[in-house]
Amino acid sequence: HTDGFNGFETGNSTWVSAVYYVNDSNGDTVFFDKDGFEWNRVSPEKNKIVMFRGKQPHAASLPTNYPTRLVININCLVIGDLQCSLDSVH
């Protein structure tokens with residue numbers, strides 16, 4: 001899926017998404033390219049946050065070695081120039 005609301009972005013704004021991992025787990029967040037192929041994944045680690053453009057297709061996977069995968073999802077509309085590169089997931 002992607003995040004954000006269609007029609008709200010303008011030439012100087014962009015939806016930014018973040019996933020904050022509350023606990024250690026193994027339910028990765030998987031990122032896909034425009035053709036639907038996996039190109040990156042991030043493993044949950046307690047207190048890690050990953051930020052990316054809201055239009056970046058992504059999905060969560062279920063944990064298999066932990067009873068839970070706790071995350072806080074943040075979606076916000078940033079107006080103006082971004083001060084960091086969100087074109088790649090770190």
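For reference, positions follow the sequence shown, starting with 1.
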Verify same cluster id: Val71, Val50 (apolar side-chain graph, 4.5 Å):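 Yes; tracing contacts between hydrophobic side chains, which count when under 4.5 Å, links both residues.
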What are the two closest heavy atoms between [X] and [Y], and how far apart are they?
{"X": "Arg69", "Y": "Pro63", "answer": "CB-CG, 3.9 Å"}
{"X": "Lys46", "Y": "Val22", "answer": "CG-O, 3.2 Å"}
{"X": "Ala18", "Y": "Met51", "answer": "CB-CG, 3.9 Å"}
{"X": "Pro44", "Y": "Tyr21", "answer": "CB-CD2, 3.4 Å"}

Under a 3.5 Å cutoff, is there a donor and acceptor pairing between the side chains of Asn73 and Ser17?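 Note: Asn73 and Ser17 side chains miss the donor-acceptor criterion.
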Roughly how far, to the nearest 0.5 Å, is CZ of Phe52 from OG1 of Thr29?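 Answer for the OG1-CZ pair, Thr29 versus Phe52, is 7.0 Å.
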To the nearest 0.5 Å, how far apart are CD in Gln56 and CZ in Phe32?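 Interatomic distance, Gln56 CD to Phe32 CZ, rounded to 0.5 Å: 9.5 Å.
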Please work out which of the three classes, parallel, tilted or perpendicular, describes the rings of Phe31 and Trp39, given edges at 30° and 60°.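 Geometry flag for Phe31 against Trp39: tilted rings.
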If only atom types and distance count, is the side chain of Asp28 paired as donor or acceptor with the main-chain N or O of Arg41 below 3.5 Å?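 Answer holds: no.
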Going through the distances and angles, do Thr68 and Asn23 end up as a side chain to side chain contact (heavy atoms under 4.5 Å, CB included)? CA-CA 8 Å; Thr68 58; Asn23 66 329; 3.4 Å; yes
When you look at His58 and Val19, which way does the side chain to side chain contact (heavy atoms under 4.5 Å, CB included) test go after all the steps? CA-CA 11 Å; His58 59 282; Val19 177; 5.6 Å; no
State which residues pass side chain to side chain donor-acceptor pair (under 3.5 Å) with Asp33; sequence neighbours excluded, sorted by chain then number.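 Side chain to side chain donor-acceptor pair (under 3.5 Å) check on Asp33 returns nothing, list empty.
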